[in-house]
2 protein chains.
Amino acid sequence: MSPAPEDVTPERLRTIPSRLLAGAAAAGDRLVNERLAAEGARKWHFAVLVALAETGPASQSELSRRTGVYRSDMVAVLNELAEGGYLVRDPDPVDRRRNVITLTPAGRDRLRQLDALVTTAQQDLLAPLSPAERAELTRLLTLLDTRHRPPHEGGHA
Amino acid sequence: MSPAPEDVTPERLRTIPSRLLAGAAAAGDRLVNERLAAEGARKWHFAVLVALAETGPASQSELSRRTGVYRSDMVAVLNELAEGGYLVRDPDPVDRRRNVITLTPAGRDRLRQLDALVTTAQQDLLAPLSPAERAELTRLLTLLDTRHRPPHEGGHA
DNA sequence: GACGAACGTTTGTGGCGCTAACGATTGCGC
DNA sequence: GCGCAATCGTTAGCGCCACAAACGTTCGTC
């Protein structure tokens, strides 16, 4: 026990890293969401489109692992994207438990559109920082993220 | 099958600052919450206790501004803390619209207890970083936070 | 005395992370 | 072959959190 009577630092709340992180993350989410919402999209839509564009057609559970969206919630996201004609969901002939999700040309266009919005949102978010500071922040956050990863999804390509 | 030249970089999802921020913030929140939950508390309880300890008795709306908890949600938080005997809620004699929230001795003890938990959680969160990196991260996050503040609540105390 | 604003409170909404369960299918051990 | 555990997509639901809307009370001001 360390019995310090008046131990509370002034401005204590503003110095707690997890609170600072939460605040900055909220600001980033707000920026991204309001821009995507203007086009009727949410960040998950973007994440799924990126994942599909990066490595081609994939199953839902693979998309779930790569984007961080839960398989339960992935269903609705894919429904919405399919309604917009941005992707198609076909049963996998080689494994009939799975669906094969494939990006359509419209989906590629949509991705380019949303990507532009997300990119400018990032610039606005990081506007208070110099280029060197942005790079350093990104580096530090990547360190934290890779170190504090949820259990599964380890190594393979 | 090869995508367009202007297309997405591999690992694009892992390089988006708002996503990195969200991931790190989630890790921090998870660490803090699971420790506080072990004592039957949540981070709002801690935030309110800190605010009260820093500047003494305050009204609910003032606590709301200082902690970032919405006035609507503040009600329940104060109810829970009052049930535990950590603070008392009295009508303000000089302005009968307000309540004066006052920390009890038990509240001070509770604060010390929770503060210890939160502090170790911060250490675990920042464990992957060197002391210099932790300071730099805190500095950068503070810059982002102060620059991206919600509208109201400008300067004075 | 009327009016607009602030305060505390209740109620509701939507996003998000996560759990539980279920039917269909698969691969594995035997 | 056959049973069994695991995987996949899906539905339903919970809890936390940020936030909006509305209401009665009270204050300040005119």
Side-chain angles (χ1 to χ4, degrees), chain A residues 18-19 21-23 25-34 36-37 40-48 58-65 67-82 87 89-101 148-153, chain B residues 18-19 21-34 36-37 40-48 58-65 67-80 82 87 89-101 148-153:
Chain A
S18 66
R19 272 184 70 95
L21 269 174
D29 265 30
R30 197 168 38 80
L31 281 170
V32 170
N33 280 331
E34 70 191 15
L36 290 182
R42 273 174 293 139
K43 51 180 176 172
W44 284 345
H45 298 163
F46 172 71
V48 167
S59 73
Q60 300 188 191
S61 56
E62 188 188 339
L63 286 177
S64 179
R65 276 178 242 121
T67 59
V69 179
Y70 254 65
R71 0 197 292 278
S72 330
D73 307 315
M74 181 62 73
V75 179
V77 175
L78 294 182
N79 284 341
E80 291 160 20
L81 286 171
L87 51 81
R89 180 160 30 183
D90 301 306
D92 186 336
V94 343
D95 185 341
R96 303 215 317 267
R97 291 171 301 180
R98 307 187 189 192
N99 291 336
V100 178
I101 314 298
H148 291 288
R149 274 269 173 75
H152 273 284
E153 194 250 337
Chain B
S18 66
R19 271 183 70 97
L21 228 24
D29 265 31
R30 197 168 37 81
L31 281 171
V32 170
N33 281 331
E34 69 192 17
L36 289 183
R42 274 175 291 138
K43 51 180 176 172
W44 284 344
H45 298 163
F46 172 71
V48 167
S59 74
Q60 299 188 191
S61 56
E62 188 190 338
L63 287 176
S64 179
R65 276 177 241 121
T67 59
V69 179
Y70 254 63
R71 3 196 285 280
S72 328
D73 306 315
M74 181 62 72
V75 180
V77 175
L78 293 182
N79 285 340
E80 292 160 19
L87 50 82
R89 179 160 33 181
D90 301 306
D92 187 336
V94 343
D95 186 341
R96 303 217 312 267
R97 292 171 300 182
R98 308 188 188 192
N99 292 335
V100 178
I101 314 299
H148 291 288
R149 277 270 172 74
H152 277 287
E153 192 246 337

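Throughout, protein chains are lettered first and strands after them, A, B, ... in sequence-line order, and every chain is numbered starting at 1.
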Per atom distances to the B:R42 side chain, the nearest of D:dT26, D:dC16, C:dG17 is D:dC16
Would a 4.5 Å heavy-atom cut-off, applied to side chains only, mark A:Q60 and A:R89 as touching? yes
Using a distance-only criterion (donor-acceptor N/O pair, under 3.5 Å, no hydrogens), is the base of D:dC17 paired with the side chain of B:D73? no
Any donor-acceptor pair under 3.5 Å from B:N33 side chain to B:D29 backbone: yes
D:dG15 P sits how many Å from B:E80 CD, rounded? 13 Å
Taking the minimum atom-to-atom distance to the side chain of A:Y70, which one of D:dC8, C:dT19, C:dT10 wins? C:dT19
Please report, rounded to the nearest Å, how far the P atom of C:dC18 is from the CE atom of A:M74. 14 Å
With the side chain of B:R97 defined as its heavy atoms from C-beta on, choose the nearest nucleotide among D:dT26, C:dG17, D:dC8. D:dT26
To the side chain of A:N99, which of C:dG17, D:dG9, C:dG8 is closest? D:dG9
Among D:dT26, C:dT10, C:dC16, the nucleotide that comes nearest once only the side chain of A:W44 is considered: C:dC16
Mind checking if B:S72 touches a base, just sugar-phosphate, or nothing, with heavy atoms under 4.0 Å? base
What is the separation between atom CG on B:D29 and atom P on C:dG17, rounded to the nearest whole Å? 12 Å
Strictly below 4.0 Å: does B:R65 bring a side-chain N or O up to OP1 or OP2 of C:dC7? yes
Contact summary for A:N99 and A:P91, nearest pair of heavy atoms: OD1-CA, 3.9 Å
Between A:R98 and A:E62, does a side chain to side chain contact (heavy atoms under 4.5 Å, CB included) hold up when you go through it step by step? CA-CA 10 Å; A:R98 307 187 189 192; A:E62 188 188 339; over 6 Å; no
Length of the line joining B:I101:CD1 and C:dC7:C1', which is rounded to integer Å: 12 Å
Name the nucleic acid region contacted by B:R71, choosing base, sugar-phosphate or nothing; use a 4.0 angstrom heavy-atom cut-off, strictly under. base
Ignoring the backbone of A:S61, work out which of C:dA5, D:dA18, D:dC8 is nearest its side chain. D:dC8
Please figure out whether A:K43 or A:D92 has its closest DNA chain C nucleotide nearer the 5' end. A:K43
Between B:Q60 and C:dT9, does any side-chain N or O lie under 4.0 Å from OP1 or OP2? yes
Closest to the 5' end of DNA chain C, once A:G68 and B:S59 are matched to their nearest nucleotides, is B:S59
Protein-nucleotide distance (A:D95, atom CG; C:dC28, atom P), rounded to Å: 12 Å
Expected output: side-chain B:D95 to main-chain B:R97 donor-acceptor under 3.5 Å: yes
Atom CD of B:E34 to atom P of D:dC16: distance rounded to whole Å? 15 Å
Round to a whole Å and report the spacing from CG of B:D90 to P of C:dC7. 18 Å
Minimum side-chain heavy-atom gap A:V48-A:M74 below 4.5 Å: yes
Please check the phosphate of D:dA6 (OP1 and OP2 only) for any side-chain N or O of A:R98 closer than 4.0 Å. no
Output the rounded distance in Å from CG (B:L63) to P (C:dC7). 12 Å
